[in-house]
Amino acid sequence: MSNFEIFWSKFSQGGGYVDYLIGLQNTAIIAVLGLVIGFIIGSLVALVKFIPSNKWPVKILKGIGDVYVTVLRGTPMIVQLLLVHFALFPMMGLGWVNSVAQAVIVFGLNSGAYMAEIIRSGVNAVDPGQMEAGRCVGLSYSESMIKIVLPQAFKNIVPTIGNEFITLLKETSVVSFIAVIDLTKSMDSIANSTYEYFVPYIFLAITYLILVLGISYGIKLLERRLKKNERHQ
Amino acid sequence: MNDTNNEVILSVQHLKKTFNKLEVLKDVSIDISKGDVVAVIGPSGCGKSTFLRCLNCLEDPDDGSVIIFDNVNIADVRIDINEHRRNMGMVFQHFNLFENKTVLENITLGPINAALKKNKKASKKAIVEEAKTKAMTLLERIGLVDKANAYPSTLSGGQKQRIAIVRALAMDPKVILFDEPTSALDPEMVGEVLQLIKELAQSGMTMVIVTHEMGFAKEVANKVVFFNEGIIEEEGNPKEVFANPQSVRLKDFLSKVL
């Protein structure tokens with residue numbers, strides 16, 4: 001049997017495709033929900049940073065945000081995953097929580113730290129004159145932020161968020177450490193049971209590549225939509 | 001217009017502004033009456049722009065400063081500055097039109113927001129319609145009706161600045177502040193913007209204009225204020241100030257710019 005035939009018999013008749021589809025689903029769930037949760041957490045952390053007040057409750061919130069970003073960006077995702085799955089959750093009596101859900105939580109928290117920085121730099125990149133002009137037509141700080149600054153900031157950061165999504169998607173390959181079947185794990189199983197490595201791993205690489213190209217294309221479409229106001233009428 | 005007996009609308013008393021120990025404004029006092037067109041001139045770094053930005057609290061004046069506008073001291077940090085800014089228009093050197101809004105939205109954003117706050121029971125639809133109608137009238141006045149649905153990035157500098165002026169006007173302000181309104185424009189577009197400001201002056205609008213256009217200051221202003229090193233070094237009627245400057249520094253300045 002050729003390399004491909006070995007792979008194919010395992011994939012089609014040996015149930016390999018079931019794992020592959022489950023893996024695809026888990027990879028997608030973890031990456032997409034991770035991104036969404038990350039965006040929500042990141043927005044909150046970034047916006048707290050922009051509260052123009054030095055009162056102590058705000059200072060404490062800003063401090064918590066700083067520590068969160070430093071810790072989550074300063075340690076590898078795999079370490080965070082292991083820590084949560086094997087130590088923190090069992091210690092809190094949450095060991096029964098589904099592993100995919102645990103991965104989603106870790107990915108969301110990790111991504112949130114990066115998102116906070118992405119959003120902060122996006123807001124900083126908007127010309128300060130935009131905020132001033134908003135204030136000068138009688139809008140408050142938060143109204144100017146919501147109606148004028150944030151929409152422009154969002155347009156600036158769409159490509160960076162796309163990169164974050166791609167990174168997140170590829171990084172899902174570490175979840176096999178906590179016994180979640182993802183794309184990598186599904187092909188790994190085939191390779192290990194057939195001792196035929198080339199075809200499954202190439203197949204795996206192509207799968208990731210197609211997913212990434214799809215995301216890139218989606219981001220490009222979104223960017224083009226958001227840029228409509230730079231076009232002549 | 002330019003009646004010197006008019007009521008004082010903006011009274012600045014002992015305005016001081018310090019940035020990290022750098023005293024930009026030392027002790028500035030000036031009264032501006034209804035219908036006044038005040039040209040603020042002076043060398044770079046003398047505090048002209050800071051003075052203007054303090055007038056609507058884009059920069060917070062130092063403690064002890066008093067800016068009486070509409071019978072309220074807006075330098076007091078406890079007042080609602082948003083409410084008072086609605087009566088004070090501002091036109092920037094770099095236009096600062098809202099990049100994510102159309103021309104029409106740029107003009108109506110402030111008025112709609114203000115009207116909704118003032119009259120919570122009114123129907124939003126009626127307020128929006130009214131603001132739109134008014135904005136279109138203003139656009140007609142500057143001949144840019146066809147740009148109502150265009151975005152700022154598609155406009156020339158002169159068009160942007162005229163729209164920025166109209167945006168300020170749409171708020172029905174009692175005073176409009178201009179921060180070097182023509183400095184960022186291509187030379188061929190300076191004229192159209194100055195013409196619009198001149199028309200406003202003739203209609204009796206109270207204005208404070210930081211400018212380097214001396215000819216324009218001479219022609220349009222009824223009061224010229226010369227800033228130097230954080231103080232008002234000389235002020236008066238433009239004809240006198242330009243023809244017969246008193247201070248050495250002003251003579252030197254005018255010899256370089258005229």
Side-chain angles (χ1 to χ4, degrees), chain A residues 43 46-47 50-56 58-59 118-161 219 221-233, chain B residues 52-53 55-60 80-103 105-118 131 146-155 160 164 167-173 176-177 179 184:
Chain A
S43 304
L47 289 183
F50 285 106
I51 296 175
S53 157
N54 274 322
K55 297 214 176 82
W56 67 265
V58 178
K59 268 191 176 164
I118 292 170
I119 293 166
R120 195 181 58 81
S121 67
V123 171
N124 283 337
V126 175
D127 178 3
Q130 295 286 313
M131 169 61 82
E132 287 183 355
R135 304 306 306 276
C136 283
V137 293
L139 270 58
S140 68
Y141 178 88
S142 51
E143 286 164 345
S144 307
M145 207 59 169
I146 292 165
K147 290 183 180 164
I148 298 158
V149 177
L150 288 179
Q152 294 182 47
F154 183 70
K155 199 175 84 179
N156 293 341
I157 62 177
V158 163
T160 325
I161 290 180
I219 293 294
L221 284 185
L222 183 58
E223 257 183 275
R224 211 180 295 161
R225 257 190 82 92
L226 291 170
K227 272 202 177 133
K228 70 174 192 301
N229 57 356
E230 276 161 28
R231 235 180 280 156
H232 283 267
Q233 292 294 306
Chain B
L52 203 69
R53 292 166 61 84
L55 288 187
N56 65 357
C57 302
L58 274 183
E59 304 290 352
D60 281 323
D80 176 9
I81 188 64
N82 298 324
E83 195 183 319
H84 297 280
R85 281 204 184 109
R86 289 175 201 136
N87 291 317
M88 202 187 258
M90 177 99 178
V91 174
F92 300 88
Q93 181 176 355
H94 296 287
F95 333 124
N96 296 355
L97 290 182
F98 307 130
E99 296 290 335
N100 58 323
K101 305 266 180 207
T102 64
V103 166
E105 289 166 343
N106 260 276
I107 301 170
T108 56
L109 182 62
I112 291 173
N113 178 60
L116 286 175
K117 272 186 189 148
K118 205 156 63 182
D146 56 323
K147 298 289 183 192
N149 294 314
Y151 283 91
S153 55
T154 64
L155 304 173
K160 281 185 196 174
R167 175 174 71 179
L169 269 181
M171 298 292 294
D172 283 325
I176 301 185
L177 313 173
D179 190 3

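Any value given below was found using the heavy atoms of this structure, including those in side chains, with hydrogens, waters and symmetry copies removed. Source: prediction; values computed, not measured.
A distance of 10.5 Å separates CG of A:L139 from CZ of B:R85, quoted to the nearest 0.5 Å. Once rounded to the nearest 0.5 Å, the distance linking CG of B:D80 with OG of A:S140 reads 9.0 Å.
When heavy atoms are compared at a cutoff of 4.5 Å, B:K117 approaches chain A solely by way of its side chain, counted from C-beta outward. Of the atoms belonging to B:F98, heavy atoms from both backbone and side chain fall under 4.5 Å from chain A.
Ion pair B:E99/A:K155 not flagged as a salt bridge, since none of the NZ, NE, NH1 or NH2 atoms sits closer than 4.0 Å to an Asp/Glu carboxylate oxygen.
Counting all heavy atoms, side chain and backbone alike, A:R135 lies closest to B:I81 at NH2-CG2, 4.2 Å. Nearest heavy atoms, B:N113 versus A:G138: ND2-O, 3.7 Å. Nearest heavy atom pair, residue B:F92 against residue A:A133, reads CE1-CA, 3.7 Å.
When atom types are taken as modelled, the side chain of B:N100 and the backbone of A:K147 share a donor-acceptor pair closer than 3.5 angstrom. Side-chain N or O atoms of B:N96 include one that pairs as donor or acceptor with a backbone N or O of A:G129 at under 3.5 Å. Of the possible donor and acceptor atoms, one in the side chain of A:Q130 sits under 3.5 Å from a partner among the backbone N and O of B:L97.
The side-chain hydrogen bond (donor to acceptor under 3.5 Å, both in side chains) check on B:R167 picks up B:N106, with sequence neighbours excluded.
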Residue pair A:E132, B:M90: steps toward the side chain to side chain contact (heavy atoms under 4.5 Å, CB included) verdict: CA-CA 9 Å; A:E132 287 183 355; B:M90 177 99 178; over 6 Å; no

